[in-house]
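Here the structure comes first, spelled out in structure tokens, and everything after it is commentary.
Model, not experiment: these values are computed from the prediction. Numbers for residues simply follow the sequence, beginning at 1.
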Amino acid sequence: TLLPGFLHLYSTTDVFIGMFFGVMGAALALAYFITAGITKGLTGKAKIYLDEKIGKEKRILILATVGGLLYGVLGYIFPLTVGDGSYQIGTAVVKGGNISASVLIASLFVKMLTYWISNETGFVGGLLYPLLLMGSLLGRVFVNEVGWSW
């Protein structure tokens, strides 16, 4: 039966759809941590190398400059990745039907990368909104490709 306040009539397939979303979330988490490991490994080696060659103060300046440059270039190419994600979530959910799946997926992975670049090169920011944006982008890809939404 249709519960008051809900637009979805529950069926037995909902369990499998929930399992599918769980698998998608696990795959997203795995990609997130792989991206973290790669980014931390590269910046860690760069920090050690630059500390030995030029010292800690100049290393901080160089890494922040390179991190900001990468963030800016990637943000220019993929505008959905700019900022913490709080404004982009609305765009992904409301207007995401007009954006191709390939752009949404690319934006999702670039957001992972820009988060970890920012985190490892000294920028300040939170974790919640970037993760919410990544989940919203992945959900929008599903809705766009399958054509099913609640």
Side-chain angles (χ1 to χ4, degrees), residues 1-47 50 59-150:
T1 64
L2 188 62
L3 297 175
F6 290 90
L7 300 175
H8 179 70
L9 184 61
Y10 292 97
S11 69
T12 56
T13 59
D14 289 346
V15 172
F16 299 107
I17 292 170
M19 290 169 56
F20 176 71
F21 279 118
V23 170
M24 285 177 30
L28 182 62
L30 182 62
Y32 180 79
F33 288 119
I34 289 171
T35 304
I38 292 169
T39 308
K40 285 179 179 248
L42 291 174
T43 55
K45 288 179 182 179
K47 287 175 184 178
L50 290 173
R59 183 260 300 168
I60 292 171
L61 179 65
I62 289 173
L63 280 182
T65 303
V66 171
L69 179 67
L70 286 171
Y71 183 82
V73 168
L74 291 170
Y76 181 78
I77 297 169
F78 297 96
L80 283 174
T81 65
V82 176
D84 65 354
S86 58
Y87 294 109
Q88 294 82 357
I89 291 170
T91 301
V93 172
V94 176
K95 298 179 182 178
N98 300 328
I99 304 171
S100 71
S102 59
V103 170
L104 291 170
I105 291 172
S107 294
L108 186 151
F109 285 107
V110 170
K111 184 62 185 177
M112 279 184 210
L113 183 61
T114 56
Y115 171 78
W116 284 110
I117 287 172
S118 299
N119 191 37
E120 291 300 313
T121 57
F123 291 88
V124 178
L127 178 62
L128 179 63
Y129 279 121
L131 288 175
L132 289 175
L133 174 62
M134 289 178 231
S136 298
L137 291 172
L138 187 61
R140 177 43 84 175
V141 169
F142 177 75
V143 169
N144 287 357
E145 292 303 306
V146 176
W148 176 85
S149 67
W150 284 31

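With rounding to the nearest 0.5 angstrom, the CD1 atom of Ile34 is 11.5 Å from the OG1 atom of Thr39. The CG atom of Asn119 lies 11.0 Å from the OG1 atom of Thr114; values are rounded to the nearest 0.5 Å. From Thr121, atom OG1 reaches atom CG of Leu70 across 8.0 Å, with rounding to the nearest 0.5 Å. Taking OG1 of Thr65 as the reference point, atom CD1 of Ile60 lies at 11.5 Å (rounded to 0.5 Å).
Annotation: ring-ring contact (aromatic ring centres under 6.0 Å, His included) contacts of Tyr32 (sequence neighbours excluded): Trp116. By the ring-ring contact (aromatic ring centres under 6.0 Å, His included) test, Phe20 pairs with Phe142, sequence neighbours left out.
Ile62 and Leu50 make their closest contact through CG2-CD1, 4.2 Å (heavy atoms, listed as atom of the first residue, atom of the second, distance). Phe123 and Gly67 get closest at one heavy-atom pair: CE1-C, 4.0 Å.
Applying the salt bridge (charged side-chain N to carboxylate O under 4.0 Å, His left out) rule to pairs touching residues 134-144 yields nothing, sequence neighbours excluded. Every pair tested for salt bridge (charged side-chain N to carboxylate O under 4.0 Å, His left out) that includes a residue from residues 81-100 fails, sequence neighbours excluded, so the list is empty. Applying the salt bridge (charged side-chain N to carboxylate O under 4.0 Å, His left out) rule to pairs touching residues 17-41 yields Lys40-Glu120, sequence neighbours excluded.
Under the 3.5 Å distance criterion, the side-chain polar atoms of Gln88 are matched with a main-chain donor or acceptor of Val82.
With contacts defined as side-chain heavy-atom distances shorter than 4.5 Å, the pair Leu80/Leu137 qualifies. Side-chain contact check for Tyr115 versus Leu127: some heavy-atom pair is nearer than 4.5 Å.
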Pair Arg59-Leu63, side-chain contact (heavy atoms from CB on, under 4.5 Å): steps then yes or no:
CA-CA 6 Å; Arg59 183 260 300 168; Leu63 280 182; 3.5 Å; yes
Can you list, pair by pair, the side-chain donor-acceptor contacts under 3.5 Å of residues 97-113, counting residues two or more places apart and other chains?
| unit_1 | atom_1 | unit_2 | atom_2 | d |
| --- | --- | --- | --- | --- |
| Ser100 | OG | Ser102 | OG | 3.2 |
| Ser100 | OG | Val103 | N | 3.4 |
| Ser107 | OG | Val103 | O | 2.9 |
| Lys111 | NZ | Thr81 | O | 3.1 |
| Lys111 | NZ | Gly83 | O | 2.5 |

